[in-house]
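A note on names: the letters A, B, ... follow the listed sequences, proteins ahead of strands, and every chain is numbered from 1. Nothing here was measured: the structure is a model prediction, and the numbers come from that model.
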Amino acid sequence: MRPLILALILTLTAVCLVLVALEMPPLGNPSAPSQASPTTAYYNKQAVTDTGCLSHVAAIVCDYRAYDTLGETTVLFTAIAAILALKNSREGSAGE
Amino acid sequence: MNDLILKEVARFLFPFIELYGFYIVFHGHLSPGGGFAGGVVCGAGFILYTLAHGHKALYSLLPRHIWTFCESAGLAFFIFLGLVGIFVGREFLANSSAGFPLGRTGELFSSGLVFLLNLAIGLKVASTVTTLFLNLEEED
């Protein structure tokens, strides 16, 4: 019974995902929401003069969205802190 | 691992991998790449060195406390750069409005905050990848 329910759920999820993927506009379509938005036009026009970066990706990651990058860096820091804490606590209890 | 060819190749390749990683980090604002990609390349170089020569060799190259220090220093440097904006009276992580010199577009030392943030991220990612490997690998 359980594999059957699992298969059903997975098939439903796959159908939903494929339907969404079919809805998506083709890559580079100028009328796609990501291309037509005024933010994209602003970045294309202003990124070099605002930040002095030739790479627009760097301009967005490290200047316009730098706060988001701080979050990503914090994720890395938290992961390492958790691993070191777990490892050290295991070594400590093994030594006792 | 006690393979002479692996050891010699790793010893030969190690500086070039690190140099390429530094290149990607330093040119983050000019070409594709940046702190994350360059940091991972640097970390991969350290991992290759560790795989060939063992943990002791890497720790004699850069002791353990340096790795944990880099770990925190990357994030602290990032936050410090952000706070500069607040101390000058602008918003958090402000770039040219906080007084970071933008320089001439297209030169290596340009774009103020973006260059420094790439350095911070590169330091952080390189030490994270390496520390992760060192701590998960020496278990067995």
Side-chain angles (χ1 to χ4, degrees), chain A residues 24-30 32 34-35 37-96, chain B residues 27-37 39 64 67-68 70-72 74-79 81-82 85 91-97 100-107 109-121 123-132 134-136 138-139:
Chain A
M24 277 167 63
L27 198 66
N29 183 2
S34 61
Q35 297 285 327
S37 91
T39 322
T40 310
Y42 177 82
Y43 286 155
N44 278 337
K45 200 156 79 59
Q46 288 290 324
V48 174
T49 42
D50 274 359
T51 65
C53 294
L54 288 184
S55 165
H56 285 204
V57 176
I60 289 171
V61 165
C62 289
D63 192 302
Y64 295 115
R65 300 273 178 271
Y67 196 65
D68 182 54
T69 311
L70 175 62
E72 288 173 31
T73 318
T74 317
V75 168
L76 290 178
F77 185 78
T78 318
I80 278 296
I83 284 175
L84 285 182
L86 277 174
K87 185 166 171 282
N88 289 343
S89 75
R90 226 165 86 189
E91 273 173 4
S93 59
E96 282 166 13
Chain B
H27 286 75
H29 56 297
L30 301 174
S31 58
F36 285 101
R64 188 188 285 264
W67 290 108
T68 36
C70 286
E71 202 64 52
S72 318
L75 191 58
F77 187 44
F78 196 118
I79 296 173
L81 286 172
E91 60 272 24
F92 188 59
L93 285 165
N95 190 353
S96 57
S97 56
F100 287 105
L102 282 190
R104 278 181 47 215
T105 305
E107 281 185 359
F109 296 107
S110 65
S111 77
L113 181 72
V114 180
F115 182 74
L116 297 172
L117 282 191
N118 268 326
L119 288 188
I121 298 170
L123 181 70
K124 174 81 191 116
V125 173
S127 58
T128 298
V129 170
T130 317
T131 320
L132 201 61
L134 289 173
N135 282 292
L136 293 183
E138 65 189 358
E139 283 295 306

Nearest-0.5 Å distance that lies between atom CG in B:Leu75 and atom OG1 in A:Thr73: 6.5 Å
Nearest heavy-atom approach of B:Val114 to A:Ala58 is CG1-O, 4.0 Å
Could you measure the distance from the CG atom of A:Leu54 to the CD atom of B:Glu107? Nearest 0.5 Å is fine. 10.5 Å
So, do A:Cys62 and B:Asn118 sit near enough that their side-chain heavy atoms are less than 4.5 Å apart? yes
Note, B:Ser72 side chain near A:Phe77 side chain (heavy atom, < 4.5 Å): yes
Relative to chain A, which segment of B:Ser96 carries a heavy atom at a distance below 4.5 Å: side chain, backbone, both, or neither? side chain
In terms of heavy-atom proximity below 4.5 Å to chain A, should B:Ile121 be classed as side chain, backbone, both, or neither? side chain
The reported gap from CD1 in B:Ile79 to OG1 in A:Thr74 (rounded to nearest 0.5 angstrom) is 6.0 Å
Which portion of A:Leu70 sits near chain B, non-hydrogen atoms under 4.5 angstrom: both
Value rounded to 0.5 Å, distance of OH in A:Tyr64 from CG in B:Leu93: 14.5 Å
Taking side chain as C-beta onward, heavy atoms only, is B:Lys124 less than 4.5 Å from A:Leu76? yes
Tell me, for B:Ser127 versus chain A, whether the close heavy atoms (under 4.5 Å) come from the side chain, the backbone, both or neither. neither
Rounded to the nearest 0.5 Å, what's the gap from CD1 on A:Ile80 to OG1 on B:Thr68? Could you check? 10.5 Å
Do the side chains of B:Leu117 and A:Thr69 get nearer than 4.5 Å, heavy atoms only? no
If one checks every heavy atom of A:Ile83 against chain B at 4.5 Å, the contacting part turns out to be side chain
Report, as yes or no, whether the 6.0 Å neighbourhood of atom OH on A:Tyr42 holds more than 12 heavy atoms from other residues, nucleotides or ligands. yes
Counting heavy-atom pairs under 4.5 Å to chain A, which of B:Ala120, B:Ser111, B:Ser110 comes out on top? B:Ser111
Measuring heavy-atom distances to chain B, does A:Thr49 have an atom under 4.5 Å in its side chain, in its backbone, in both, or in neither? backbone
Using non-hydrogen atoms only, which part of B:Phe36 is less than 4.5 Å away from chain A: side chain, backbone, both, or neither? side chain
